[in-house]
Amino acid sequence: MYQTKYHKPASIDDAVAALAVAEDGKVLGGGQTLLPTMKQHLASPTDLVDVGGISGMADISVSDGCLTIGAGARHADVAASSVVRDAIPALACLAGGIGDPAVRSMGTIGGSVANNDPAADYPAAVLGLGATVVTNTREIAADDFFEGMFTTALEEDEIITAIKFPIPSSAGYSKFPNPASRYAMVGVFVANGGSGARVAVTGAGQDGVFRADSMESALSSNFSAGSLDGTSLDADGMMADIHGTAEYRAHLVSVVAKRAVTSAV
Amino acid sequence: MTQIKMTVNGKSATADVPDNTLLSEFLRENMRLTGTHVGCDTSQCGACVVHVDGRAVKSCTVLAASLEGADVTTIEGIANGKDLHPMQAAFKANHGLQCGFCTPGMIMSGIDMVNRYQAEGQALTAEAIRHELEGNICRCTGYHNIVKSIEDAADEMSGMAQAAE
Ligand SMILES: Cc1cc2nc3c(=O)[nH]c(=O)nc-3n(C[C@H](O)[C@H](O)[C@H](O)COP(=O)(O)OP(=O)(O)OC[C@H]3O[C@@H](n4cnc5c(N)ncnc54)[C@H](O)[C@@H]3O)c2cc1C
Ligand code: FES
Ligand code: FES
């Protein structure tokens, strides 16, 4: 790994200041994506600004029908949180299925959402629940946040501080993991709430996480796995690689979406 | 460079380390604790698992500089003098290793999963053990004896926890 300068600011203001003067500074969350990338010389930031020392960054709370999870909350903490398990059990379950236990000890929700890996789990929940990404400068609706593979609406040096999830009447997540990496071959998050159903698909789309409109309308009139029987997704726009063709993934989305609806609580 | 002070296996350790030093490098090269193995460059194999403040982490994917004040336990820190930890004893009794390269990580992950399941009052079934070992790769054993070792150690460790109450 190339040399870098490590900073551990105690406040968001100090973190912003450290990033502002750095030549090529990067936020460090749990490091479970950034450090492997640096080890392989695919990234070489001059400065790392660790946001793990900022107080309140890992808080989890519920108020006004909304679950707020601090950007620094570790996957293991979200999975084990009784607040999350009560409010949105599907989200706790999703967090408990990311990678492996040691990755979950360190990895954070903020890092996962900022990274927007096309096969990551959290983006499906953020988009599927119509959450809001809160940063040091503004609030961004999930529908405007994910802009394509590894691309988000975040400006250079903008720091995610929390994610706000509206609590749905029910939600479910199902993933068909790649047997080697455990990332999603296809993962589908479904949520049923006041304004109808939302369906977000990860792992499959060429542009990263996306909403499946036809499934949303079918589920909005009747939220049951059977409603998805007639729906199908076009293979155009699906990822194709050594693990599966575009047609295979398109088919898998329907199968996994039904499992997600069946699991919804 | 960053000056760090942490506790490693119960003893205080202070050092000036370059900021890009990984915990695995700090343990192996500064502390000469070479029981923590490094088996990959991609954070996937788990040979490097140690405990930081009571949680299993991949020491190859944590910066030493970020661990000011942390409490670190490595494979060298779990036996009680000459008495093996029950997880080590179970790996020995069940032939839970062949070349032994993955073993330090397997043992540290094994202890972590038993502790977590017991704290939650959940049963650690063979199926759960296999699932929990998602991040630990073994090229030799085929895993069966590793799973048996952890099952045995879990029984032993719950007996110990009950005796301590
Ligand atoms: C073996 C392995 C298996 C994995 N399996 C899965 C899986 O199955 N599913 C899955 O979804 N993920 C998986 N991951 C990725 C894991 O979830 C990471 O934790 C996550 O992608 C990144 O979170 P992090 O906190 O570690 O972020 P980092 O690695 O610290 O950072 C990632 C990126 O986000 C930026 N960043 C971090 N925090 C913030 C913030 N608060 N504001 C703005 N930008 C920020 C960083 O600058 C960097 O660009 C796996 C990783 C490994 C090593
Ligand atoms: S050496 Fe750390 S996971 Fe392989
Ligand atoms: S015993 Fe050789 S890698 Fe596991």
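Naming convention: chains lettered A, B, ... in sequence-line order (proteins, then strands); numbering from 1 in each chain.
When the shell of 6.0 Å around NZ of A:K26 is examined, it contains 12 or fewer heavy atoms from other residues, nucleotides or ligands. No more than 12 heavy atoms of other residues, nucleotides or ligands lie within 6.0 Å of CD in A:E23, so this atom counts as exposed by the packing criterion. In B:R130, the CZ atom is crowded: over 12 heavy atoms of neighbouring residues, nucleotides or ligands sit closer than 6.0 Å.
Heavy atoms closer than 4.5 Å to chain B are found in both the backbone and the side chain of A:K5. Residue contact with chain A, scored on non-hydrogen atoms closer than 4.5 Å, is absent for B:I137. Of the two parts of A:Q32, the backbone and the side chain both hold a non-hydrogen atom closer than 4.5 Å to a non-hydrogen atom of chain B. Heavy atoms of B:E120 lying under 4.5 Å from chain A belong exclusively to its side chain. Interface remark: A:L34 contributes no atoms to any contact with chain B (heavy atom separation under 4.5 Å).
Taking all atoms of both residues into account, the shortest heavy-atom contact from A:S105 to B:A56 is OG-O, 2.6 Å. Closest approach of B:D19 and A:Q3 over heavy atoms only: N-OE1, 3.6 Å.
Heavy-atom proximity under 4.5 angstrom to chain A picks out nothing from residues 148-156 of chain B.
Checking each of B:Q44, B:H131, B:K58 against A:D100 for a side-chain contact (heavy atoms from CB on, under 4.5 Å) leaves exactly one that passes, namely B:K58.
Across A:T37, A:T4, A:L28, A:V103, the residue that shares the most heavy-atom pairs under 4.5 angstrom with chain B is A:T4. Ranked by non-hydrogen atom pairs under 4.5 Å with chain B, the options A:A76, A:P36, A:G99 are led by A:P36. Put simply, of B:S43, B:P18, B:S66, the one with the most heavy-atom pairs under 4.5 Å next to chain A is B:S66. For the set A:K8, A:M38, A:R104, A:R182, the count of heavy-atom pairs under 4.5 angstrom toward chain B peaks at A:R182.
Between B:E25 and A:K39 no salt bridge is recorded (no basic side-chain N to carboxylate O distance below 4.0 Å).
The line from OH of A:Y6 to OG1 of B:T21 is 12.5 Å long, rounded to the nearest 0.5 Å.
Side-chain contact between B:N20 and A:Y2 is absent, with no heavy-atom pair separated by less than 4.5 Å.
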Check your understanding: A:M1 and B:L22: side chain to side chain contact (heavy atoms under 4.5 Å, CB included), yes or no, with the steps?
Key -> CA-CA 9 Å; A:M1 191 191 287; B:L22 299 166; 3.6 Å; yes
